[in-house]
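Heavy atoms only: backbone and side chains are in, while hydrogens, waters and symmetry mates are out.
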Amino acid sequence: MFAIIAGLAFACGGGEKAAESSEAAAPATEAAAPAPEMSLEDKYKDDPIYIKGIEKVKNSDCATCHMIDRKIIGPSYADIAAKYESTEENVSMLAAKVLAGGAGVWGEVMMSPHPALSEEDAKDMVRYILLLKK
């Protein structure tokens, strides 16, 4: 008789707690989807260094030889950012190279000088490029 009552209790929902606890203990099988990669524009849209620098780069002839992620005639901006830390010493040194031009660091193709740029404009451009470190 006891077995019949226990069986009815289980059949009427007495076993729900056991089912719930086994479901709760089951590991999640779905892995979280990786976050979509954020574009540079989204990542730095409010950064004054990015805003000033990209505007000056866009208004220059830099795109003739450089791209953000791919080498064309000169190194990519990402390669430059990977090679140099963003320090004021490096910003000054690289800005001087932009102004004077030169060759040898990235190969024998000469970067033309940019004497029409101000030193401050060249520094703003270099600071922007150094933000592009991956």
For H114 and D61, run side chain to side chain contact (heavy atoms under 4.5 Å, CB included): C-alpha distance rounded to whole Å, both residues' side-chain angles, the deciding distance at 0.1 Å, then the answer.
-> CA-CA 9 Å; H114 298 85; D61 65 348; 3.0 Å; yes
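- Counting only distance, with no hydrogens or angles, the side chain of H66 and the backbone of P75 share a donor-acceptor pair below 3.5 Å.
- R127 is not listed as a side-chain neighbour of L131, based on a closest heavy-atom distance of 4.5 Å or more.
- Within 6.0 Å of NZ on K133 lie more than 12 heavy atoms contributed by other residues, nucleotides or ligands.
- Here the straight-line distance linking atom SG of C62 with atom CD1 of I129 works out to 6.0 Å at 0.5 Å rounding.
- For the side-chain contact (heavy atoms from CB on, under 4.5 Å) with M125, the qualifying choice from K56, K52, E55 is K56, the only one to do so.
- When hydrophobic clusters are built by joining Ile, Leu, Val, Met, Phe, Trp and Tyr residues whose side-chain heavy atoms come closer than 4.5 Å, directly or via intermediates, V91 is grouped together with V105.
- Using a cutoff of 4.0 Å between basic side-chain nitrogens and carboxylate oxygens, K45 and D42 are not scored as salt-bridged.
- Distance CG/N59 to CD1/I54: 10.5 Å, rounded to 0.5 Å.
- Between the CG atom of L117 and the NZ atom of K123 there is a distance of 13.5 Å, given to the nearest 0.5 Å.
- What you find for L132 and A81 is that their closest heavy atoms are C-CB, 3.7 Å.
- Here CZ of R70 is found 12.0 Å from CG of D79. Values are rounded to the nearest 0.5 Å.
- Connection of I80 to I68 is established within a shared hydrophobic cluster, with ILVMFWY side chains joined at heavy-atom distances below 4.5 Å, either directly or through further cluster members.
- Under the 6.0 Å distance and 45° angle rule, K71 does not count as a cation-pi partner of W106.
- Under the 4.5 Å side-chain heavy-atom criterion for grouping Ile, Leu, Val, Met, Phe, Trp and Tyr, I73 is not connected to V98 through any hydrophobic cluster.
- Minimum heavy-atom separation, Y77 to A63: OH-N, 4.5 Å.
- Smallest separation of non-hydrogen atoms from I49 and Y128: CG2-N, 3.9 Å.
- In the hydrophobic clustering of ILVMFWY residues, with side-chain heavy atoms under 4.5 Å counting as a link, M93 and L130 come out together.
- Under a hydrophobic-cluster definition in which Ile, Leu, Val, Met, Phe, Trp and Tyr are linked whenever side-chain heavy atoms come within less than 4.5 Å, directly or via other members, M111 and I72 are assigned to different clusters.
- Relative ring orientation between Y44 and Y50 is described as parallel, the plane-to-plane angle staying below 30° on a 0-90° scale split at 30° and 60°.
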